[in-house]
**Q** 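Pasting a structure here, questions to come.
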Amino acid sequence: MQVTPEADVAGLLDRLVADALPGGKGLEAWASLLQAHATLMRRLEADLAQATGLALADFDVLAQLANAGGELRMTELAERALISRSGMTRRVARLVDEGLVQRAKAASDARGVVVALTDAGVTRLTATAPVHLRGVAELFVAQLDDQELAVLKSALDKVAVDCTFG
């Protein structure tokens with residue numbers, strides 16, 4: 001295996017950036033978005049787990065089901081949630097084992113699977129939502145004024161891409 005001299009790799013990323021983003025346009029904003037997302041998600045995950053014992057991804061599944069009226073087809077749930085499709089299958093299996101959701105065959109399509117909140121799932125969501133929302137309010141919303149929130153929403157809506165996890 002050949003080792004690349006440090007001089008060759010030292011400027012590699014800079015050269016690649018210069019080719020793809022002349023003048024580095026937007027790179028600082030991109031880096032800030034990634035940093036904000038990563039730190040917020042880690043903190044929200046840790047705070048929720050510490051206060052309630054529920055993982056943020058589990059909360060997301062329960063919240064997505066509640067937002068949909070209590071149930072979703074597995075494919076729709078996987079499209080809405082923040083985790084991969086393969087991760088969703090394992091997560092739903094654990095939530096079924098915990099009694100927070102149940103799976104059933106879709107009435108309209110025997111091949112489809114519907115995931116529904118159970119009474120225990122609604123109770124768990126009711127107990128954990130205030131903790132999560134308090135974190136969102138303190139760590140995100142309180143850091144920005146109304147105008148900044150509106151501009152951020154507008155900007156992110158422009159770049160939102162349909163990129164479901166596979």
Side-chain angles (χ1 to χ4, degrees), residues 26-27 29-166:
L27 194 58
W30 174 247
S32 290
L33 173 66
L34 292 177
Q35 184 67 34
H37 178 267
T39 56
L40 282 167
M41 295 306 285
R42 282 193 298 261
R43 178 72 184 273
L44 291 170
E45 170 75 36
D47 290 353
L48 188 67
Q50 181 180 12
T52 70
L54 190 67
L56 186 57
D58 291 342
F59 174 83
D60 184 39
V61 169
L62 300 179
Q64 294 299 337
L65 292 170
N67 284 333
E71 68 179 39
L72 282 169
R73 292 177 67 93
M74 185 70 152
T75 54
E76 293 172 299
L77 179 58
E79 288 171 4
R80 293 181 185 203
L82 301 175
I83 59 176
S84 69
R85 288 178 188 264
S86 62
M88 180 62 70
T89 301
R90 291 186 301 273
R91 186 154 309 274
V92 166
R94 281 195 306 272
L95 293 171
V96 167
D97 290 345
E98 293 177 30
L100 302 178
V101 301
Q102 59 187 10
R103 274 190 295 221
K105 296 259 186 222
S108 61
D109 176 8
R111 294 180 301 150
V113 174
V114 173
V115 179
L117 279 171
T118 62
D119 290 343
V122 171
T123 299
R124 190 73 186 271
L125 179 63
T126 302
T128 56
V131 173
H132 176 67
L133 295 172
R134 186 171 40 254
V136 170
E138 292 172 2
L139 299 170
F140 179 71
V141 177
Q143 306 305 315
L144 304 168
D145 64 32
D146 290 347
Q147 182 179 359
E148 289 169 323
L149 289 168
V151 168
L152 182 59
K153 181 194 179 315
S154 176
L156 293 175
D157 284 350
K158 285 182 181 179
V159 297
V161 186
D162 179 26
C163 72
T164 55
F165 295 99

**Q** Please report the interatomic distance CD(Gln143) to CG(Leu149), rounded to the nearest 0.5 Å.
**A** 10.5 Å
**Q** For a side-chain contact (heavy atoms from CB on, under 4.5 Å) check, start with the C-alpha distance between Glu71 and Leu77, then their side-chain angles and the critical distance, and finish with the verdict.
**A** CA-CA 9 Å; Glu71 68 179 39; Leu77 179 58; over 6 Å; no
**Q** Should the heavy atoms of other residues, nucleotides or ligands under 6.0 Å from CD of Glu148 be counted, would the total exceed 12?
**A** yes
**Q** Taking CG in Asp119 as the centre, count heavy atoms belonging to other residues, nucleotides or ligands within less than 6.0 Å. Is the count above 12?
**A** no
**Q** Kindly indicate whether the side chain of Leu62, heavy atoms from C-beta on, has any atom under 4.5 Å from the side chain of Leu54.
**A** yes
**Q** Can you measure from CG (Leu125) to CD (Gln64) and round to the nearest 0.5 angstrom?
**A** 10.5 Å
**Q** CG/Leu33 to CG/Leu156 distance, rounded to the nearest 0.5 angstrom?
**A** 6.5 Å
**Q** Is the shortest side-chain heavy-atom distance between Val115 and Leu72 below 4.5 Å?
**A** no
**Q** Any chance you could measure Leu95, atom CG, to Asp58, atom CG, to the nearest 0.5 Å?
**A** 4.5 Å
**Q** side-chain contact (heavy atoms from CB on, under 4.5 Å) between Val114 and Lys105: does it pass, once the steps are laid out?
**A** CA-CA 6 Å; Val114 173; Lys105 296 259 186 222; over 6 Å; no
**Q** Do Arg43 and Thr39 have side-chain heavy atoms sitting under 4.5 Å apart?
**A** no
**Q** Let me confirm one number: the CZ-CG distance from Arg134 to Leu139, rounded to the nearest 0.5 Å.
**A** 11.0 Å
**Q** Taking all heavy atoms of Phe59 and all of Leu48, pick out the closest pair and write down the distance.
**A** CB-CD2, 3.6 Å
**Q** Verify side-chain contact (heavy atoms from CB on, under 4.5 Å) between Gln102 and Val96, making sure each step is shown before the conclusion.
**A** CA-CA 5 Å; Gln102 59 187 10; Val96 167; 5.6 Å; no
**Q** Please say whether more than 12 non-hydrogen atoms of neighbouring residues, nucleotides or ligands are located less than 6.0 Å from CZ in Arg94.
**A** yes
**Q** State the NE2-CG distance between His132 and Leu44, to the nearest 0.5 angstrom.
**A** 5.5 Å
